[in-house]
Every structure is written in C-alpha cells, then in structure tokens.
Protein chains: 2
Amino acid sequence: MYGFNTVSLDQKGRLAIPAKYRSHLINNNETKVVITKDPQYPSLKVYPESQWDEISSKLESLQGLDPIVRNLQWTILGNASVIEFDPNSRMLVLIPSELRKYADISDQKQISLIGMGNKFEIWNVNNWEMRQTGGSLSTEILDVILPESIKSMSF
Amino acid sequence: MYGFNTVSLDQKGRLAIPAKYRSHLINNNETKVVITKDPQYPSLKVYPESQWDEISSKLESLQGLDPIVRNLQWTILGNASVIEFDPNSRMLVLIPSELRKYADISDQKQISLIGMGNKFEIWNVNNWEMRQTGGSLSTEILDVILPESIKSMSF
DNA sequence: AAGTGAGTTGGTCTATAAGCCGGATTCTGT
DNA sequence: ACAGAATCCGGCTTATAGACCAACTCACTT
C-alpha cells in the first residue's frame, strides 16, 4: 500500500478506495478502516482496523492529566470514525464533514492519497504540493511540543 | 466508542446517547453509566459502570493530606452521578443541573460529544471549538501543578 | 473493437435523531 | 395534609443523513 494517487470525491464527500489498496486490505482480511485527524498537519490518516487497535490502545494507556497527552487523545481518538465496508463492493467511504473541513477538502473534487505501507493519508492537493516543495501550509494546526515519551511512538 | 458528534439536548436537558456509542455499551452488557466532572476543564466525563469501578477505587485508595489529591477526590468522586438506562430505549440521560452548569451547557441546545474509546466526554460546543483551535476557554478551571504520582494515573 | 475492470454517479430506502406530547412522580408552599 | 407546580420519563411522529444497490462511462488490454 505505497504510492501517490489523485482521486476524486463526489458531491456527497464519498471516496472510493483505489483498487491497489483495496486488494491489500482484502488480502489481510480487513473489513474496517478508521479515519482520523493527523495531529500535526491538516490531513487525515486511514488505518486498517488491526493497526488502529494497536494505536488506540497505546494512546488510551497513556493516561493521566498531562495536557499534551490529552490533546493527542482528543485529536486522534476523539475524531476517529470507524468505517465498515463490504469487501465485494467498491469500498465507498463517506468522510465525515468535520474531517473534510479539517483537511480542507470540503469543496474539492480532487484529493491526494499517499500510501504509507499499512496506512494511507488524505491531503488537499494543494497542501500536499506545498508540503512536497517545502512551502508553508495555509492551515495552521496544533504546534505541539511532544514529550520524549511520545515522540518515539508511531501514529 | 470513538469519534466526534454534535447532538442536541431537549428542553429538559436530556441527552440521547448516539447509536454508535449505544451499541458499544450494549455489547459490553453495560446498563449504567457514571457521569462526573473533569477536574481540569469545564467538561464532563461519562464512564460505563465497569470502568468507573476501577477508577473510583484507585482514587479512593489515594490517601494522604495532599490538597491536590483531596481536590481530585472531591471533584471526581463527589460529583459522580450514576445513571441507569434501558438498553432497549433511546438511552435518554438526564444530566444533573449542577454538572450542566459546570460544563456550561445549561442553556445550550447543542453539545459536543467526544468518544475516547471506553469513555466519552461532553463539551459546550464553543469551548470544544476553542480548545481545538488552541484558543483559551472562557471558563477557567483548576490550574493545578500535578504531583508526579498523579500524572500517570488514569481518570 | 469488444470485453473487462476500475472509477464515478445517481436513486432509493432505512435507521437515527430531534421535537412533541401526555402521564407520572416529586417537590413546595400554604 | 393537600393542591398546585415543577420536574422527570417514556412513547410517538417526522425529517433526514447516510448506507445500500445498481448503472453508466471511461480506459486499457488482448
């Protein structure tokens, strides 16, 4: 599940998961994906369920009253949307409107998909372009300074 | 039990637990939830009963004369309200008026629900918005410096 | 050039949320 | 103690978002 794709959202905000990701999910017997916010950039992350289980349990176990930890939990867990799909169909996925706003893809017809191995990311085409060329993103997100204990974790 | 929802309170301050949380509770054979104050922010936390039992017993076992600990105990334990619901109905939950005041949702029609795995939080829509965008909250709550022994505890 | 697979779009139907209403129970004041 | 008021609780109705189903188009392959 690697590589860059430009795909289109329809008027209802639906995304058809590309065939090459689809087959990867089917091969691993995944029937759900979880879509949530990226805490650092105006973009979304899509995880197969098995991987989400790892991430969420790690995050939940980081309990306590540290405001930075709570921020991460709110952003990642609090915005997660579990989406079940039929492996026989086209895997149409409705991106919640809240998340569409966050990633700045509310009115976009085209979006960028970036495959990152066992997860992939959803970007506004222009924001992805900017990030690639080192420009600054229009939308400013959490500028968190992460504690050492968290920096090493993978989300 | 993940994700963000905006739901409405009826004229009587009742909250209908969203279907996606409801099924989680039913699957875990929960028939009671406990609603209490968040000690750090003007918001409420809702726990399934089984999880509450863990939390409360941990908190109760924290002995000593540390004023911060005593504050935590008062805030969390002293405001807990056990609410039983009928799994077959809509799970209408009446939020105690004291807690509605605390979370600043007394006169609100809409509130934000944030699912955090095995618990969820209740926020005034504006406060949640502010928190997400990094603004300061209108209501200032405990600004405690937490002892190390407590930071790591789960509430 | 016909067929296959992938992407995209549209329509329908159901589950869910929200508002309303009536009845029950508790509270309050006289 | 009783009447009136306020609060609480369940059921019913309606509107709608989103899930499901299916068709159409386009591109690529052989």
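Keep in mind that what you see is a predicted model, and the values were worked out from it rather than measured.
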Closest approach of Pro39(B) to Ile76(B) (non-hydrogen atoms, all atoms of both residues): CG-CD1, 3.9 Å
NA contact type, [X], heavy-atom cut-off 4.0 Å: base, sugar-phosphate, or nothing?
| X | answer |
| --- | --- |
| Ala16(B) | nothing |
| Lys20(A) | nothing |
| Asp10(B) | nothing |

Suppose we call two aromatic rings close when their centres sit under 6.0 Å apart. Are Tyr41(B) and Trp74(A) close by that rule? yes
Using a heavy-atom cut-off of 4.0 Å to chain A, what are the terminal contacting nucleotides of DNA chain C, in 5' to 3' order? dA6(C) to dG11(C)
Applying side-chain contact (heavy atoms from CB on, under 4.5 Å), can you list everything that pairs with Ala80(B), at least two apart in sequence or on another chain? Val34(B), Thr36(B), Trp52(B)
Tell me whether [X] contacts the main-chain N or O of [Y] through its side chain, where contact means a donor paired with an acceptor under 3.5 Å.
| X | Y | value |
| --- | --- | --- |
| Asn124(A) | Asn126(A) | yes |
| Asn79(B) | Thr75(B) | yes |
| Tyr21(A) | Gly115(A) | yes |

Dump the pairs, protein N or O against N or O of nucleotides 20-29 of chain D, anything under 3.5 Å, distances to one decimal.
| unit_1 | atom_1 | unit_2 | atom_2 | d |
| --- | --- | --- | --- | --- |
| dC20(D) | N4 | Arg14(A) | NH1 | 3.3 |

In whole Å, what is the span from the [atom1] atom of [X] to the [atom2] atom of [N]?
| X | N | atom1 | atom2 | result |
| --- | --- | --- | --- | --- |
| Leu15(A) | dG18(D) | CG | P | 15 Å |
| Arg100(A) | dG18(D) | CZ | C1' | 11 Å |
| Met91(A) | dG18(D) | CE | P | 21 Å |
| Gln11(A) | dG18(D) | CD | C1' | 15 Å |

Between Ile17(B) and Ser8(A), which has a closest nucleotide on DNA chain C that is more 5'? Ser8(A)
How long is the straight-line distance from CD of Gln108(B) back to CZ of Arg100(B), given to the nearest 0.5 Å? 11.5 Å
Whether Arg70(A) and Asp38(B) form a salt bridge (side-chain N of Lys/Arg under 4.0 Å from carboxylate O of Asp/Glu) is what I want to check. yes
Around Asp86(A), counting heavy atoms of other residues, nucleotides and ligands shown, do more than 12 lie under 6.0 Å from its CG? yes
